[in-house]
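Sequence positions, counted from 1, serve as the residue numbers for this chain. The basis for the numbers below is simple: all heavy atoms, side chains too, and nothing from hydrogens, waters or symmetry mates.
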Amino acid sequence: MPNKVAKLSFWGVRGSTPTVDRATWRYGGNTPCLELITPDGGRLILDCGTGVRILGNRLAAAADKTIDAQILVTHYHWDHIQGIPFFAPLYSPQNKFHFYSFRSEFLGRESLKRVFETQMAHPYFPVDLSAMSATRDFTDIAGGDCFSIGDTRVTACWLNHPQGCLGFRIETPVGTIVYATDNEPGNLEYDRNLRRLAEGADVFVNDAQYTPEQLETHRGWGHSSWREGVRIAESAGVRNLVLFHHDPDSSDKTVDGILRDARGKFENTWAAAEGMVMTLGEDQTDVVIPAGRDGLRREAHFRARVTGFTQEGKAFEEETVIRDLSLHGALIYLDHSPKLQSELQVMMENPGNGDSQRLALRGYVVRIEPGPEKDQVGVGIVFTE
């Protein structure tokens, strides 16, 4: 039965190169890959960075029937294609994939098919393309093209990026998602393209690899900043801005700061994180943030004072009890409902030193759920420092 929602999942959010260091685990280190399940049950995959491997493993483990998906590839730089040889469903003959991307002036006709062949040619990969037994079709598209996938309408648009890049406007019966990774501001024609692409979008996923200061020293690299994303979001009437393509040298704390700066100008801003899911319905867009890696977990009963901001932006302070504590985070129950991806300060009693010494922690909200008492909410926190 068709869904009445569109579900957008983030499998890879990092730009340029994957990261594996502990400083980037909360937002994630895999390169770009998004998955959209449309209201009529269709599956669109956006880009094939290393995140597509995780998606492929999930699909292969869960599938009891043919996997049939449309794959939109924005461009051919390594970080957007390097997961293709590791996408497990491509090695099963019952599966079907239809790829869309542009004809590169460097590669010619069926550019993406040639990328497949080159990536897996000797001596770069242990097996060649013949190992992929799934049905694969390829369609060349260009900026300005529009086409339908079931009940969903896709419009492609050229973005300002070296060697070319496409942005996609995906219009479903319950809302519009715009995917505009890898674009650099400053070219009037491309800036107008991006503005038109983003018009009235429910979710606008935009490149935010650099801070505004870094952008000034990286002209020509083809990337943008949170400030440019906010400018487009405001002028185009966007409902939710998602900062995407995080720099490999940006730690989680750096991305936290970028998100904080962007939210100061545009409240409905999110920082893309692996495992994040945005669900579009006819009335609203719901966001679920991954809780991150679990550490050693213990039941606890420590009194604490929490300060932060509610979803409406109102400051609050209240006393609570830490009931579930790990080395990475905690579950607390509050009367106030903070915003996902917002920062909380937690002043916790140190049980080993009495009330005179308190442990001051800074946390990041990753989960909101109903609490045990009426009008309470359970708040999952990942401690950041």
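Counting heavy atoms of neighbouring residues, nucleotides and ligands inside a 6.0 Å radius, atom CZ of R169 exceeds 12 of them.
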Identify each donor-acceptor pair in which a side-chain atom of residues 193-203 lies under 3.5 Å from a protein atom, sequence neighbours left out, and give them as a table.
unit_1: N193; atom_1: OD1; unit_2: R196; atom_2: NH2; d: 2.8
unit_1: N193; atom_1: ND2; unit_2: W158; atom_2: O; d: 3.3
unit_1: R195; atom_1: NE; unit_2: S235; atom_2: O; d: 3.3
unit_1: R195; atom_1: NE; unit_2: S235; atom_2: OG; d: 3.2
unit_1: R195; atom_1: NH1; unit_2: E199; atom_2: OE1; d: 2.1
unit_1: R195; atom_1: NH2; unit_2: E199; atom_2: OE1; d: 3.3
unit_1: R195; atom_1: NH2; unit_2: S235; atom_2: O; d: 2.7
unit_1: D202; atom_1: OD2; unit_2: T176; atom_2: N; d: 2.8

Atom pairs and distances, side-chain donor-acceptor, residues 80-91, under 3.5 Å, sequence neighbours left out:
unit_1: H80; atom_1: ND1; unit_2: D47; atom_2: OD2; d: 2.8
unit_1: H80; atom_1: NE2; unit_2: D182; atom_2: OD1; d: 3.0
unit_1: H80; atom_1: NE2; unit_2: D182; atom_2: OD2; d: 3.4
unit_1: H80; atom_1: NE2; unit_2: H245; atom_2: NE2; d: 3.4
unit_1: Q82; atom_1: OE1; unit_2: T31; atom_2: OG1; d: 3.0
unit_1: Y91; atom_1: OH; unit_2: P85; atom_2: O; d: 2.6

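Looking at S101, its side chain does come within 3.5 Å of a backbone N or O of V73 through a donor-acceptor pair. A donor-acceptor contact shorter than 3.5 Å is absent between the side chain of Y27 and the backbone of R14. Between the side chain of T310 and the backbone N or O of E312, at least one donor-acceptor pair lies under 3.5 Å. A donor-acceptor contact shorter than 3.5 Å links the side chain of D40 to the backbone of D151. Between the side chain of D191 and the backbone N or O of P185 there is no donor-acceptor pair closer than 3.5 Å. Distance alone, capped at 3.5 Å, places no donor-acceptor pair between the E35 side chain and the L55 backbone.
The two atoms that bring K7 and T279 nearest to each other are CG-OG1, 4.3 Å, heavy atoms only.
The pair R231-E228 counts as a salt bridge, with a side-chain nitrogen and a carboxylate oxygen less than 4.0 angstrom apart. A salt bridge between E216 and R219 is present, with a side-chain N of the basic residue lying under 4.0 Å from a carboxylate O of the acidic one.
Between K339 and N268 there is a side-chain heavy-atom pair separated by less than 4.5 Å. Within the 4.5 Å cutoff, side-chain heavy atoms of L344 are placed close to those of F316.
When the ring-ring contact (aromatic ring centres under 6.0 Å, His included) test is applied to F244, the partners found at least two apart in sequence or on another chain are Y179.
A donor-acceptor contact closer than 3.5 angstrom is absent between the side chains of Q70 and T152. Using modelled atom types, one finds no donor on one side chain facing an acceptor on the other under 3.5 Å when comparing W270 with Q341. H75 and Q163 share no side-chain donor-acceptor pair at under 3.5 Å. The closest side-chain donor-acceptor pair between S111 and S104, if any, does not fall under 3.5 angstrom. A donor-acceptor contact closer than 3.5 angstrom is absent between the side chains of D68 and T66. There is no side-chain donor-acceptor pair under 3.5 Å between E343 and Y364.
Checking W221, W226, Y210 one by one against L215, the side-chain contact (heavy atoms from CB on, under 4.5 Å) holds for a single residue, Y210.
Interatomic distance, I71 CD1 to D137 CG, rounded to the nearest 0.5 Å: 11.0 Å.
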Please determine whether side-chain contact (heavy atoms from CB on, under 4.5 Å) holds for the pair E184 and H161, giving the CA-CA distance in whole Å, both sets of side-chain angles, and the decisive distance to 0.1 Å.
CA-CA 6 Å; E184 181 173 331; H161 193 66; over 6 Å; no

Do H218 and H223 pass the ring pair (Phe, Tyr, Trp, His ring centres under 6.0 Å) test, and can you show the C-alpha distance, the side-chain angles, and the key distance before you say yes or no?
CA-CA 8 Å; H218 288 81; H223 297 290; 9.1 Å; no

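In terms of hydrophobic clustering, with Ile, Leu, Val, Met, Phe, Trp and Tyr side chains grouped at heavy-atom distances under 4.5 Å, V154 and L46 are assigned to a common cluster.
Using bins of under 30°, 30° to 60° and over 60° for the plane-to-plane angle, the ring pair H98/Y100 lands in the parallel bin.
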